[in-house]
Every structure is written in C-alpha cells, then in structure tokens.
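Okay, so here's the structure we're looking at.
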Amino acid sequence: NNSIWMFRVSATDGQIYAKILPSRRDLNSSVTENVRSLTTGWIRVGPPGGRRYKDEAPAAVAIGKGLGSATIYIVARAETDNRLYMSKHVVSTTSFVSWPEAWTPVGVTSVVRPALAEAFNGKLALATWTSTPSARIDVRLFNPANGTWHGRVPAGAASQRRPQLVWDGTVLNVFFVANNR
C-alpha cells in the first residue's frame with residue numbers, strides 16, 4: 001500500500017501541483033491499483049490564486065506512516081523575492097482530491113532551492129543558502145508538534161550551491177552540490 005508523491009510548478013500560473021502514483025492492493029480483494037496517467041489528475045497545492053513560485057522542484061518530505069499519520073510537508077520559493085513558504089497535508093485517505101491547507105511564510109529567504117529532511121524524532125530540518133549576514137548554508141528545525149521554527153544554525157561557508165540534507169537516524173549531515181559533485 002505505497003504511493004509516490006510527485007510535485008511540479010505550472011509555467012502558466014506559477015502554482016504548485018501534486019499527483020500520487022499509487023502502487024497498492026485493496027485490503028479486502030487484493031486487486032492492485034496502479035497509476036493510469038502521468039499527465040492528468042494533478043491537484044493544486046493550497047487554495048487558488050496567491051503568489052507564484054519559482055519554476056523548480058519544491059522541497060518535500062513525508063513524516064509518519066499510514067493513513068491519518070503520514071503528513072507531507074512542502075517548501076517552495078516565491079518567484080519574485082525568494083521567500084520560502086510551507087504547506088502540509090495529512091494523508092487521511094487513499095483518495096487524493098484536494099490539498100486545501102494554505103501556504104504559510106517560513107520567515108526565510110534563500111537564493112537557491114532549499115533542502116528539507118526529517119530529523120531528530122519527527123522534526124523537519126530546512127537547509128538554505130543565505131547571503132545575510134554572510135554567505136553560508138544555514139539549517140533550521142521545525143517542530144510539527146507546536147508549529148514553531150527554531151533559529152538558524154550556520155552549517156559553514158560554501159559557494160552558492162544547493163544544500164542537501166541526509167538524516168541517518170543519529171546525525172544530520174549537510175552537503176552542497178557544486179559542479180555536479
């Protein structure tokens with residue numbers, strides 16, 4: 001009973017859309033359900049209208065497992081000012097017909113696409129490249145239990161490249177991609 005979640009930005013309206021690629025069996029009959037189309041069935045993330053987002057893959061991560069427990073978090077950069085916004089969606093049914101949760105400001109800007117990972121017992125880690133107060137990668141933690149972001153931790157100076165996060169169950173590792181390395 002697995003699914004792959006895909007996200008894309010529409011060049012037409014600048015909105016982010018999600019699609020589920022199901023790969024599961026009916027619990028009662030063992031009938032399989034698989035994806036029927038990659039081009040149809042995309043659902044807008046958040047309410048209609050609003051700001052436009054950068055034409056790049058948003059950062060996304062799932063926390064928890066199973067219906068009613070799994071929550072998808074997504075962070076995207078606004079097209080005009082690089083401010084980051086987050087939305088979440090609790091997966092409560094196998095039927096995905098809407099993502100009504102609003103986008104909320106993270107209170108951070110990033111000049112490159114951010115990275116998002118689960119870390120530290122169900123929290124989210126967000127890595128951004130910032131130029132203020134100095135050029136470096138910063139990491140912030142979000143606690144879903146109380147909806148708060150914790151202050152930034154400098155992860156070191158680096159060239160202006162996209163950060164990567166890897167949580168191994170004990171340590172949060174921060175990398176950055178430069179010249180395809």
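Below, all heavy atoms of this structure are taken into account, side chains as well, without hydrogens, waters or symmetry copies.
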Identify, with sequence neighbours excluded, every residue that meets side chain to side chain donor-acceptor pair (under 3.5 Å) alongside Asp168.
none
Kindly say whether Ser110 contributes a backbone atom to a donor-acceptor pair with the side chain of Arg83 at under 3.5 angstrom?
no
hydrophobic_cluster_shared for Val45 and Val91, side chain cutoff 4.5 Å:
yes
Is there a donor-acceptor contact under 3.5 Å from the side chain of Asn173 to the main chain of Val166?
yes
Answer whether the closest heavy-atom distance between the side chains of Phe7 and Ile72 falls below 4.5 Å.
yes
Does Trp129 belong to the same Ile/Leu/Val/Met/Phe/Trp/Tyr cluster as Leu116, with side-chain heavy atoms less than 4.5 Å apart forming each link?
no
Quick check on the hydrophobic clustering: are Ile43 and Trp5 connected, directly or via other members, by side-chain heavy-atom contacts under 4.5 Å?
yes
Side-chain touch Met6/Trp42, heavy atoms, less than 4.5 angstrom
yes
Write out all pairs satisfying ring-ring contact (aromatic ring centres under 6.0 Å, His included) with one or both partners inside residues 50-79, taking only residues at least two apart or from two chains.
Tyr53-Trp103
Return a table of donor-acceptor pairs under 3.5 angstrom between the side chains of residues 119-126 and protein atoms on other chains or two or more places apart.
none

Give every donor-acceptor pair under 3.5 Å between a side-chain atom in residues 139-148 and any protein atom, sequence neighbours left out.
from, atom 1, to, atom 2, distance (Å)
Asn143, OD1, Ala145, N, 2.9
Asn146, OD1, Thr148, N, 3.2
Asn146, OD1, Thr148, OG1, 2.6

Any side-chain heavy-atom pair from Phe175 and Leu165 closer than 4.5 angstrom?
no
Counterpart residues, side chain to side chain donor-acceptor pair (under 3.5 Å), relative to Asp13 (two or more places apart)
Ser10, Tyr17
Using the test salt bridge (charged side-chain N to carboxylate O under 4.0 Å, His left out), find all partners of Arg51 that sit at least two apart in sequence or belong to another chain.
none
Quick one: does Ile20's side chain get under 4.5 Å of Ile4's, heavy atoms only?
no
Note: with side-chain heavy atoms under 4.5 Å as the link, the other cluster members for Val97 come out as none
All side-chain contact (heavy atoms from CB on, under 4.5 Å) counterparts of Val90, not counting sequence neighbours
Thr71
After noting the C-alpha distance and the side-chain angles of Val108 and Trp149, does the key distance pass the side-chain contact (heavy atoms from CB on, under 4.5 Å) rule?
CA-CA 10 Å; Val108 176; Trp149 285 98; over 6 Å; no
Quick one: CG on Leu172 to CH2 on Trp167, what's the gap to the nearest 0.5 Å?
7.0 Å
Report yes if some heavy atom in the side chain of Thr128 is under 4.5 Å from a heavy atom in the side chain of Pro163; otherwise report no.
no
Those residues at least two apart in sequence (or on a different chain) that pass side chain to side chain donor-acceptor pair (under 3.5 Å) with Glu118 are none
Would you kindly confirm whether Val9 and Tyr85 end up in one hydrophobic cluster when ILVMFWY residues are joined by side chain heavy atoms under 4.5 Å apart?
yes
Heavy-atom distance under 4.5 Å between the side chains of Ile74 and Ile16, does that happen here?
yes
Listing, residues 55-70 side-chain donor-acceptor contacts under 3.5 Å, not counting sequence neighbours, or none:
from, atom 1, to, atom 2, distance (Å)
Glu56, OE1, Arg77, NH2, 2.8
Glu56, OE2, Arg77, NE, 2.8
Glu56, OE2, Arg77, NH2, 3.3

Measuring from atom OG1 of Thr12 to atom CZ of Arg52, what distance do you get when rounded to the nearest 0.5 angstrom?
8.0 Å
Could you measure the distance from the OG1 atom of Thr109 to the CG atom of Leu84? Nearest 0.5 Å is fine.
7.0 Å
Residues in side chain to side chain donor-acceptor pair (under 3.5 Å) contact with Ser87, at least two apart in sequence or another chain:
Trp99
Give the minimum heavy-atom separation between Gly50 and Gln15, together with the two atoms involved.
O-NE2, 3.9 Å
Minimum heavy-atom separation for Pro47 to Glu101, with atom names?
CD-O, 3.8 Å
